[in-house]
4 protein chains.
Amino acid sequence: MNTFGQIFRLTTFGESHGPALGGVIDGMPAGTAIDMDRIQKRLDLRRPGQSALVTQRNETDRVEILSGVLDGVTTGTPIGFIIPNTNQHSSDYEEMRHKFRPSHADFTYTSKYGLRDHRGGGRASARETAARVLGGAFAAQALETRGISVQAYTSRVGDIEVPVPYTGLDLGLTYTNDVRCPDPATAEMMAGLIRQVKSEGDTVGGIVTGVITGLPAGLGEPIFDKLQSRLAAAMFSIPAVKGFDYGLGFSGCCRRGSEMIDEFTVDSAGAVVTATNNSGGIQGGISNGSDIYFRVAFKPVATLLRDVRTVTDRGEPTTLHARGRHDACVLPRAVPVVEAMAAMVILDALLIDKTTRL
Amino acid sequence: MNTFGQIFRLTTFGESHGPALGGVIDGMPAGTAIDMDRIQKRLDLRRPGQSALVTQRNETDRVEILSGVLDGVTTGTPIGFIIPNTNQHSSDYEEMRHKFRPSHADFTYTSKYGLRDHRGGGRASARETAARVLGGAFAAQALETRGISVQAYTSRVGDIEVPVPYTGLDLGLTYTNDVRCPDPATAEMMAGLIRQVKSEGDTVGGIVTGVITGLPAGLGEPIFDKLQSRLAAAMFSIPAVKGFDYGLGFSGCCRRGSEMIDEFTVDSAGAVVTATNNSGGIQGGISNGSDIYFRVAFKPVATLLRDVRTVTDRGEPTTLHARGRHDACVLPRAVPVVEAMAAMVILDALLIDKTTRL
Amino acid sequence: MNTFGQIFRLTTFGESHGPALGGVIDGMPAGTAIDMDRIQKRLDLRRPGQSALVTQRNETDRVEILSGVLDGVTTGTPIGFIIPNTNQHSSDYEEMRHKFRPSHADFTYTSKYGLRDHRGGGRASARETAARVLGGAFAAQALETRGISVQAYTSRVGDIEVPVPYTGLDLGLTYTNDVRCPDPATAEMMAGLIRQVKSEGDTVGGIVTGVITGLPAGLGEPIFDKLQSRLAAAMFSIPAVKGFDYGLGFSGCCRRGSEMIDEFTVDSAGAVVTATNNSGGIQGGISNGSDIYFRVAFKPVATLLRDVRTVTDRGEPTTLHARGRHDACVLPRAVPVVEAMAAMVILDALLIDKTTRL
Amino acid sequence: MNTFGQIFRLTTFGESHGPALGGVIDGMPAGTAIDMDRIQKRLDLRRPGQSALVTQRNETDRVEILSGVLDGVTTGTPIGFIIPNTNQHSSDYEEMRHKFRPSHADFTYTSKYGLRDHRGGGRASARETAARVLGGAFAAQALETRGISVQAYTSRVGDIEVPVPYTGLDLGLTYTNDVRCPDPATAEMMAGLIRQVKSEGDTVGGIVTGVITGLPAGLGEPIFDKLQSRLAAAMFSIPAVKGFDYGLGFSGCCRRGSEMIDEFTVDSAGAVVTATNNSGGIQGGISNGSDIYFRVAFKPVATLLRDVRTVTDRGEPTTLHARGRHDACVLPRAVPVVEAMAAMVILDALLIDKTTRL
């Protein structure tokens, strides 16, 4: 199913080498003013060719909105859009027509569908995430009107990690460097590592941290559609994601309950708040009004610019040597995708929550 | 929404202190022979009161099947069931009527719905997972007919961790001890830690590892409903879960691509297989025929048998001292719940996959 | 799929001859006061054995609510319920074990599932509608708080038809007679016809008319989930329904546009209203604030108390002579079912509409 | 929700006067050979300007497929498509900017969303059905590979009705005349009536009959998703539809059961078949292998080329005189839309049915 969400719904289509990819945003709240320049800027943050750290494929990713917005305001009808594919080098992929790239989806698509589009990964290309960034950009503008912000940043590349939690950072600095890390000193080291790995024809993975602020208490559904379930499903739908945790996550599971519980207190305005936020803003699947923070682990890119062993679709052993233009580290370009997916989850939760009482 | 799944669907209802909890299994394949004794045994593995390590609430959790099974065979119609609530001590919870328990869902339910059932956590009680175990038990019996098995075990409690990966263990030993750890020496240490923590009125968290074997290549949907998205959403819907990763997960994200890719080769039967399984059995959201393995992180139980600070529903500071019978560590009882959720995800994927081609 | 609705969702289970049928109501608005006596009375209106006109099976249909209601108020959590099966005469159905009853679902269930529960129609029994009446009764109490009412009545039995439209009737009289027709003189004639047909071992069909009043403008989704699509799907899900139209329906399609359009005018309060209501209260799939009225056609019951020709499940010609206790006309008992289904559609539309704007 | 279907899913977007309308087909079976010329021809059958009987708007409706088809074969990935809007006369609609057209959706959209696109009906324009015809054309090509055909024809216009049931007609003649009636003599009379009504600035409604042949027994879900529920919902989602029945429908509900039941017999090949087909091919919501036939009632077009009374969006009484190019009768252009919606319902049912057994 190529549709995401329950009320705010994004449906996407498109392969990396057809005429265009695109999608449909359904359930966008009517009457929301949209700033199209900022929407396009979000797309620009994801596209390749932005810096020396990422792939030099120079996709322009210019979106065309086909419906659902009139005079800069959403009408409540679905927002159809396309992002034409340009700068395609299909010949780069001729070798992959009959060879399965290791740790890519070539073999699994063929197993499932009996055939596949071999050009540039086809539907499995990370290029599909452009449509998600578009969907998230609309969602984010709706959330802004409620004072809710969704931000993410590169918190780890290989062994290099930001040494402080998000509360010690100025997230306004995230997009001021190519790595998308709000800690300038760490960003510099990460950039160095990516350049080195790239020079070796190798790749490296890392972690994106996400932070959601301004959320009211009460969002999320208590049993199967817990807010953390929705966020996790969203993050694992991003190519290359291998792990997700929130609050103190994996590290917290080794501690004692007495170190972990968030006692309640009353703030100066008389509101019930927690004294700490080890829980990461969610209890019983429902937001408690504190910040939600989470980590998303990305594996290293599987396309190496060196020989790898594989087999053909006839089961014959062979080797493959990737050419073309590839990322040595997806983290920088993944940051706006994480933000987009989280924004869509939160807007959807906000809309569903309106149905709780008549 | 209290329904899980797309084709194989489990809907659950019930609070910890009403007459019964229960649910409806919809989309169970028709014509599947069901062994009700084994179904009941799955429930028994989850219920409280089984050992000195877990809560002494002696819930019997006896399921009554009300429809959908005729002469031991599923008919394709929905399977309604109830699990009566017994051994309830509502008075244990009288103190919680107006006090929010820290790191529980009392405050968030009240924020969302404007009211809550304070007895035993109400709908947020982990008792709701009994219905999931029932659903998973049906799914598992269907999967067995296809040679697919879903297993889980306690791989970490506090700082104590099983020292080898699942491939070095005999998973048949999991249920031979109270901790549900297939490594007897580690199990003994874990049990010791739980006893010690319990004696201090404290609690401890840990990790459950899951393993799915026998899966054909081709299961899972490639974009938003990736197999890992479905598994993650399933796991995060379990109370107390704070993290999920699969394959090399968080640890793999710090490595180089050249260490991580799973090269393809051909096995003795001529089938395409991977030489390693760092990916954890999924590529591009679709199973590749290798084992799927994953980790689920559980926070320590939030109910401490000591004084904690909190506020009342009128916003007045107060303290709370939990009484009643509580788990010092949920891991042992979480193992069958993890197995149940994973079994439902896999059966659903198997059924959906049948619609890929006409 | 045994679930109905998008936000307000009813899932049902149960065969006519198992221990119980039941279901789960999900998405019921939190904080709604529930009058359980009135809920039970709705069930009583549907059950068999109420009068000489309907089957003398004396099912008591007493509902047990298992969750989701605390101190007479809905909590927002799912409402599980069962209605035990009593007064079963399984032996009445022994002959049907291997014979397909004509115009029943015996053959089609067997074709689909490979097996069937032959006792009393199994899952295809109209007894399943008891769960719908329960769901509709909850929905109706929520709608009442908004001044919305859903009513239905028998408007035709065989050739006997109420001679005036609903606007010329006092719908408060519907349940004052066994036929559920608010026009006493016509009701008398209908009752006579049903008695006559019954005495001949035959059956007769008819029409139920439904009327929804108090609806605000703006409910319904404009394209695929038009309000009329949802109502139609709901009505055709009731056993024995063969036709549905709304507004002037089939008769209006033979007229000229100039006779049919509903011109707009302004009422004494300054509100935009239509001067006529040929459209039946919906335009473009969305309610316009006028009454919605519709017709539902029921075929005559297929169970005749006389010999009919059929075949066995081995394909051998045979005859079948139904015994047991059957309705000669389902219309009287169908009226509360039509009301229930319509109430659930409208409450669902009301809840979905809340998500239109942020 | 702008998505139709459960497994085979069509999502549409687009207003009549934006750059394009379009959509996404999801769940199309992989490996289906597609004849794009025949797809385009289906669209041509729906478009305006084909004959003197229908509107002279000369929309070309040329579809562009953007994904999901490779070398003429479906790949299992979503099929994105756009149909550019051309030949728009927005100025024709300037008068409607502030006036509500009677029996159109102007008022209800404004009530729901707080604003509307007034140009050409915006999203409520019947032009949206072009996307449905495209979706149906793909579905029909998949159904053909299984020997299933879906056909429809104009069976009534105003008082003029085809005098025989579908079994007495050669449905191959349907598209040989402008009315899309397979009975040439009746078609001539219908055409005369439409010309006369058009000359008076008036409009007329009618009935489309649909016929589905070649269906296996066992399709459809027994309770809420009965095959007739899905067909009814599909038909009522088409603009201007006011009624639907199947089998003997409304007329059968006035008869006796003894006249109506379809006794079973065995055909020359030994298969269980019904001796008659009063039921219209469905029992208990599931196909029985006989033809499915149904009627769809369309109201007369609401746009009259004469003065009508209405109000402005400020509630001021006014008159409106439609200009532009409008249909005097939608029936001819509705025939391919009915076929498209039915084809999508049947393909979806066929795919869902594959999940019934493992």
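Numbers restart at 1 for each chain; the letters A, B, ... are given by sequence-line order, proteins then strands.
- A:E128 touches chain B through its side chain: at least one heavy atom from C-beta onward sits under 4.5 Å away, while N, CA, C and O do not.
- For the atom pair CZ (A:R101) and CZ (B:F264), the distance works out to 10.0 Å, reported to the nearest 0.5 Å.
- Contacts of A:K226 with chain B are made by side-chain atoms alone, with heavy-atom separations under 4.5 Å and no backbone atom involved.
- Contact count versus chain A (heavy atoms, under 4.5 Å) is highest, among B:L227, B:T303, B:D106, B:D225, for B:D225.
- No other option in A:Q228, A:K299, A:R230, A:M260 has as many heavy-atom pairs under 4.5 Å with chain B as A:Q228.
- Residue A:E259 does not touch chain B at all, counting heavy-atom pairs closer than 4.5 Å.
- If you measure heavy-atom distances from B:K112 to chain A, the contacts under 4.5 Å come from both the backbone and the side chain.
- Residue contact with chain A, scored on non-hydrogen atoms closer than 4.5 Å, involves the backbone of B:V301 exclusively.
- Here the side chain of B:K242 pairs a donor or acceptor atom with the backbone of A:S279 at under 3.5 angstrom.
- Listed for the B:E263 side chain is a donor-acceptor partner under 3.5 Å among the backbone atoms of A:R309.
- Nearest heavy-atom pair across A:F244 and B:F250 is N-CE1, 3.5 Å.
- The contact between B:V241 and chain A is made entirely by backbone atoms, counting heavy-atom distances below 4.5 Å.
- Side chains of B:T108 and A:N288: no donor on one and acceptor on the other come within 3.5 Å.
- Across A:Q283 and B:A105, no two heavy atoms sit closer than the pair O-CB, 4.1 Å.
- At least one donor-acceptor pair under 3.5 Å links the side chain of B:D202 to the backbone N or O of A:S258.
- Contact of A:I261 with chain B is made through backbone and side chain together, with heavy-atom distances under 4.5 Å.
- Between A:R132 and B:F224 the shortest side-chain heavy-atom distance falls below 4.5 Å.
- The choice from B:T318, B:V204, B:D262 that makes the most heavy-atom pairs within less than 4.5 Å of chain A is B:D262.
- At a 4.5 Å heavy-atom cutoff, the contact between A:S287 and chain B is made by backbone atoms alone.
- Inter-residue side-chain proximity for B:Y113 and A:P222 is flagged as met; some heavy-atom pair is nearer than 4.5 Å.
- Looking at A:T3, the atoms closer than 4.5 Å to chain B (heavy atoms on both sides) all sit in the backbone: N, CA, C or O.
- For the residue pair B:R357 and A:G114, the shortest heavy atom distance occurs at NH2-N, 3.3 Å.
- In this structure, the portion of A:F298 lying under 4.5 Å from any heavy atom of chain B is its backbone and not its side chain.
- Between chain A and the residues B:A297, B:P102, B:C253, B:G218, the largest count of heavy-atom pairs under 4.5 Å involves B:C253.
- Heavy atoms only, all atoms of each residue included: A:Y109 and B:I286 are closest at CD1-CD1, 3.8 Å.
- Heavy atoms of A:R156 lying under 4.5 Å from chain B belong exclusively to its side chain.
- Looking at every heavy atom in both residues, A:S229 comes nearest to B:A233 through OG-O, 2.8 Å.
- Looking at B:E200, the atoms closer than 4.5 Å to chain A (heavy atoms on both sides) all sit in the side chain, from C-beta outward.
- Annotation for A:M1 and B:Q6: closest pair SD-NE2, 4.0 Å, computed over non-hydrogen atoms.
- Contacts with chain B were tallied for A:L219, A:V197, A:L248; A:V197 has the most, counting heavy-atom pairs under 4.5 Å.
- Contact count against chain B (heavy-atom pairs under 4.5 Å) is highest for A:G315 among A:A124, A:G252, A:G315.
- Proximity to chain B (any heavy atom under 4.5 Å) is shown, for A:L320, by neither the backbone nor the side chain.
- In this structure, the portions of A:R295 lying under 4.5 Å from any heavy atom of chain B include both its backbone and its side chain.
- When each of A:G284, A:P317, A:G247, A:S111 is scored by its heavy-atom pairs under 4.5 Å with chain B, the top score falls to A:S111.
- The number of heavy atoms from other shown groups lying within 6.0 Å of CZ (A:R306) is above 12.
- When heavy atoms are compared at a cutoff of 4.5 Å, A:M341 approaches chain B solely by way of its side chain, counted from C-beta outward.
- Counting only heavy atoms from C-beta outward, the side chains of A:P300 and B:R256 never approach each other to under 4.5 Å.
- For a residue to count as touching a neighbouring chain, one of its non-hydrogen atoms must lie under 4.5 Å from one of that chain's; by this rule B:L10 touches chain A with backbone and side chain alike.
- Contacts between A:V311 and chain B at a heavy-atom distance below 4.5 Å involve backbone atoms as well as side-chain atoms.
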